[in-house]
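Following: one structure in structure tokens, then a few remarks.
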Amino acid sequence: MSDDAISPYTLSTDDGDDRRHAFWADHVADAVLDRDPDEPIVVKGGISPSGVPHLGNMNEVMRGYFVAEVLRERGYEVRQVFTSDDRDPLRKLPRKLADLEGNLVDLGDVDAGALGRNLGHPYTAIPDPFGCCDSYGAHFSNLIQSGADALGVPIELASNTDLYEDGDFEAVTRFVLEHVDEAREVLREYQDKIDDDYVPFNPICSECGKVTETVTAIRASEGEVDYECTDMEAGDQVISGCGHAGTATLREGKLPWRLEWPAQWQVLGVDFEPFGKDHAEGSWPSGDDVARNLLGNEPPVPMVYEWFTLDGEPFSSSEGHVVLVDDVLDLLEPEVLRHFFAKNPKKARDFPLSRLDQLVDEFDRFEAVYYGEVEASEDERERAERVYPFLVDHLDPGTAPADAPVEERPTRIPYTFAAVLGMFPDHDVRVEHAVKQGHLPEDPSDAVVDRAFERVERARTWASRQDNEYNYTVLEDLPDVDFDAETEAALDDLADFVAAGHDGEAIQGEIYETAKDNGLPIGDFFGAGYELFFGEAEGPQLGQFLGKLEQEFVVQRLRREA
RNA sequence: GGGCCGGUAGCUCAGUCCGGCAGAGCGUCUGGCUUUUAACCAGACGGUCGGGGGUUCAAGUCCCUCCCGGCCCGCCA
């Protein structure tokens with residue numbers, strides 16, 4: 001490894017002066033600008049379109065985005081390029097796929113045989129299993145693009161296949177093959193398999209279409225190599241070659257990853273690139289080395305980000321433990337999700353679908369701190385003032401709170417209260433409750449209600465998908481019930497208790513008392529309550545729940561009056 | 001085994017780069033207010049800053065060491 005290799009842990013490094021930033025992206029932007037980059041400054045990310053692009057993959061888009069936006073705010077022209085490494089060969093069949101709407105689909109539900117026959121082929125040369133896009137690679141690239149779109153991030157998607165076919169990679173590929181000895185020498189530091197016959201170029205077999213590994217002759221000046229289509233090991237299985245011996249141009253193949261990444265930096269002029277921690281100790285040092293000591297380039301400013309988990313478990317496309325951006329945006333507003341990605345990339349975090357309310361509450365506070373509505377520490381305020389404008393559409397980055405038009409400030413209903421509102425099917429009832437609780441102004445305009453109630457729909461979807469304690473629908477009208485005399489008496493007693501004004505905990509206790517006083521088995525009494533309010537045999541903790549509803553409604557329903 | 005990143009209140013996280021009283025929200029508890037409340041207000045409880053050692057007038061922050069978790073250390077990407 002070269003001695004001047006730079007640490008990818010950019011956020012852990014000293015600026016070298018007294019600059020102190022509330023936002024990590026400012027720290028990175030400083031590091032980029034210290035290089036005196038030419039404009040447009042290029043921020044890159046990229047993934048292999050091998051399967052379902054889940055929320056974790058969005059780090060690759062969002063981490064770069066915030067740096068790009070900070071640079072734009074400082075007056076620089078910035079391109080955010082995203083490479084789809086779609087010339088990579090399919091090495092194993094994914095167990096789960098996703099259609100263009102983001103719905104997960106089992107491998108068995110598509111033509112798995114057609115996919116299996118394409119092992120070893122570039123993703124862009126494999127038919128789209130859903131038949132909707134030009135290729136397998138294009139299909140999943142589209143999903144990445146729509147994820148970025150949904151979060152309002154303008155990326156320029158660059159297909160590796162196109163970069164090869166259009167000749168953008170030709171010069172650097174030729175250079176590598178002309179300096180194959182030096183290339184081997186650099187790579188040998190990182191890979192055991194580099195012998196004197198190793199050629200860092202993988203031609204695509206003209207006969208069977210597979211990405212091959214055996215180059216038998218190099219004619220760099222003529223822009224050609226000879227190859228033999230030999231067997232290829234992929235994990236624990238072998239993808240067999242067809243044995244064809246042929247000739248390929250430098251546009252008809254690909255560079256191996258350790259060279260391809262630095263080649264992208266050179267061809268696209270990349271100034272900054274974030275990447276997951278899996279690259280930190282592996283391909284980053286080798287890429288840095290290749291860029292400096294083989295290609296003679298300065299590598300981009302790097303930044304390692306930690307991975308996050310989904311409900312405490314690693315993302316796993318194959319096991320279906322994934323969530324896509326579109327799924328998440330059914331549950332919370334884009335700005336809340338952007339806030340999640342604006343947090344310190346050095347920390348491994350959980351994305352808790354089960355506790356999304358906490359994530360939303362955190363954002364609501366962050367927003368309130370920005371607008372100076374709540375007390376906060378100096379650090380917290382500094383961070384909110386700097387970061388918040390990057391999260392929302394209604395402010396430009398760099399806007400100080402004093403300059404922010406207050407009338408644009410969104411009305412937010414606390415998330416769990418929104419979930420409670422969601423239990424009522426009737427719109428007017430929802431509004432009534434929200435106004436009464438002070439979460440909406442008196443006589444709110446339709447526009448204010450519509451905007452605030454977007455969260456009600458989301459919270460309702462959340463309750464339904466999580467099937468949690470908010471996933472119930474309150475019956476608007478008295479259901480057709482027929483209780484015995486004891487039950488009716490007990491319900492009347494409970495109604496009197498509620499009418500006297502007690503909180504949920506007290507009501508819960510009283511339910512037990514009332515049942516006992518009237519000689520009812522407690523389970524039957526709870527059942528009667530669930531029947532009355534939900535038309536179901538079971539429900540949420542009843543006392544707590546009734547305490548959350550409007551008293552008059554509860555009393556009338558308990559008395560079977562409405 | 002080696003390298004790297006992380007570990008702060010019950011939960012979610014700021015604060016570590018640059019040493020200066022251990023912080024916020026949620027949750028819990030107490031009280032208040034609203035002639036109803038999950039709302040609102042006030043307060044309380046809650047900590048071995050993973051453990052230990054060192055430097056310092058002063059350490060969550062710097063140094064050493066150990067523990068735990070993740071990533072990397074064959075190929076691929």
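Heavy atoms only: backbone and side chains are in, while hydrogens, waters and symmetry mates are out. Throughout, protein chains are lettered first and strands after them, A, B, ... in sequence-line order, and every chain is numbered starting at 1. In this text, all values refer to a predicted model and were calculated from it rather than measured experimentally.
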What's touching nucleotides 32-35 of chain B from the protein side, N or O pairs under 3.5 Å?
none

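- Side-chain nitrogen and oxygen atoms of A/K346 include none within less than 4.0 Å of the OP1 or OP2 phosphate oxygen of B/C5.
- Rounding to whole angstrom units, CG of residue A/L356 and C1' of B/C26 are separated by 15 Å.
- Under the Watson-Crick and G-U wobble criteria, each requiring two contacts below 3.5 Å, nucleotide B/G19 is left unpaired.
- Under a 3.5 Å cut-off, the side chain of A/T10 and the backbone N or O of A/P302 do form a donor-acceptor pair.
- Annotation: side chain of A/F66 is in contact with side chain of A/L391 (closest heavy-atom distance under 4.5 Å).
- Under the Watson-Crick or G-U wobble criterion, with both distances below 3.5 Å, B/U35 is left unpaired in every strand shown.
- Here, B/C18 and B/U28 have their C1' atoms 37 Å apart, quoted to the whole Å.
- As a whole-Å value, the separation of A/I194 CD1 from B/G74 P is 13 Å.
- Per the geometry, CD belonging to A/E260 stands 12 Å off P belonging to B/C76, to the nearest Å.
- Only the P atoms considered, B/A9 is 14 Å distant from B/G60, to the nearest whole Å.
- Across B/G52 and B/A42, the matching P atoms stand 37 Å from one another, rounded to whole Å.
- Checking the phosphate oxygens (OP1, OP2) of B/C76, a side-chain nitrogen or oxygen of A/K193 falls inside 4.0 Å.
- In this structure, the side chain of A/R460 does not engage the main chain of A/F424 through any donor-acceptor pair within 3.5 Å.
- Contact annotation: A/K92 side-chain N/O to B/C76 OP1/OP2 distance is not under 4.0 Å.
- Regarding A/E306, its CD atom lies at a distance of 11 Å from the P atom of B/C72, rounded to whole Å.
- For B/U61 and B/U56, the P atoms lie 16 Å apart once the distance is rounded to whole Å.
- For the 3.5 Å distance criterion, the side chains of A/D86 and A/S159 qualify, holding a donor opposite an acceptor.
- Residue A/K254 places at least one side-chain N or O under 4.0 Å from the OP1 or OP2 atom of B/A77.
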Please list, pair by pair, any protein nitrogen or oxygen found under 3.5 Å from a nitrogen or oxygen in nucleotides 22-24 of chain B.
residue	atom	partner	partner atom	Å
B/A24	O2'	A/R365	NE	3.0
B/A24	O2'	A/R365	NH2	2.8

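- Among B/C11, B/C72, B/C4, the nucleotide with an atom closest to any side-chain atom of A/Y9 is B/C4.
- Under the 3.5 Å distance criterion, with hydrogens and angles disregarded, no donor-acceptor pair is assigned to the side chains of A/Y388 and A/E335.
- Contact check for A/Q466 versus A/N471: no side-chain heavy atoms found under the 4.5 Å cut-off.
- Residue A/K347 has its side chain nearest to B/G6 when only B/A39, B/C13, B/G6 are considered.
- A donor-acceptor pair under 3.5 Å is formed between the side chain of A/W24 and the backbone N or O of A/K343.
- Here B/A77 is the nucleotide among B/A77, B/G74, B/C13 with the atom lying nearest to any side-chain atom of A/H279.
- Counting only heavy atoms from C-beta on, A/F417 has its side chain closest to B/A38 among B/A38, B/C4, B/C71.
- Here A/W261 lies out of heavy-atom contact (under 4.0 Å) with every strand.
- One interatomic measurement links the two molecules: CZ of A/R355 to C1' of B/U12, which rounds to 8 Å at whole-angstrom precision.
- If you measure from atom CD of A/E189 to atom P of B/G3, you get 18 Å, rounded to the nearest angstrom.
- By the 4.0 Å N-to-carboxylate-O rule, A/D162 lies too far from A/R87 to be salt-bridged with it.
- Straight-line distance between the C1' atoms of B/C63 and B/G19: roughly 13 Å, to the nearest whole Å.
- If you check residues 46-61 of chain A against RNA chain B, you find no residue with a heavy atom closer than 4.0 Å.
- Ion pairing between A/R349 and A/E306 fails under the 4.0 Å rule for side-chain N and carboxylate O.
- Across all strands shown, the partner of B/A44 is B/U28, judged by Watson-Crick or G-U wobble contacts whose two distances both fall under 3.5 Å.
- Here A/Q191 reaches the OP1 or OP2 of B/C76: one of its side-chain N or O atoms lies under 4.0 Å away.
- Distance A/F363 CZ to B/G25 C1': 15 Å, rounded to the nearest Å.
- Donor-acceptor pairing under 3.5 Å is lacking for the side chains of A/Y136 and A/N118.
- Using P as the reference atom, B/C5 and B/U65 are 14 Å apart when rounded to the nearest Å.
- Base engagement by A/R258 is indicated by at least one non-hydrogen atom pair under 4.0 Å involving a base atom.
- Separation of the A/F533 and A/Y472 ring centroids does not fall under the 6.0 Å cut-off.
- If you take atom C1' in B/G70 and the same atom in B/C33, they sit 49 Å apart, rounded to whole Å.
- In the set B/A77, B/C5, B/C76, B/A77 carries the atom at the smallest distance from any side-chain atom of A/D88.
- Using modelled atom types, one finds a donor on one side chain and an acceptor on the other under 3.5 Å when comparing A/S48 with A/D88.
- Of the possible donor and acceptor atoms, one in the side chain of A/W462 sits under 3.5 Å from a partner among the backbone N and O of A/L353.
- Across the strands present, B/C62 finds its partner in B/G54; the criterion is a Watson-Crick or G-U wobble pair with both atom distances under 3.5 angstrom.
- Separating the CH2 atom of A/W284 from the P atom of B/C5 is a distance of 15 Å, rounded to the nearest angstrom.
- Taking for each of A/L11 and A/P256 the nucleotide of RNA chain B with the nearest heavy atom, the 5'-most of the two is the partner of A/L11.
- Taking only side-chain nitrogens and oxygens, A/R349 never comes nearer than 4.0 Å to OP1 or OP2 of B/G69.
- Rounded to whole Å, the C1' atom of B/C45 lies 15 Å from the corresponding atom of B/C26.
- With A/R559 as reference, A/D496 is the one residue of A/D493, A/D492, A/D496 to meet the salt bridge (Lys or Arg N to Asp or Glu O under 4.0 Å) rule.
- Ion pairing between a basic and an acidic side chain is recognised when a charged N comes within 4.0 Å of a carboxylate O; A/E233 and A/K193 show no such pairing.
- The pairing partner recorded for B/G1 is B/C73, the criterion being a Watson-Crick or G-U wobble arrangement whose two distances lie under 3.5 angstrom.
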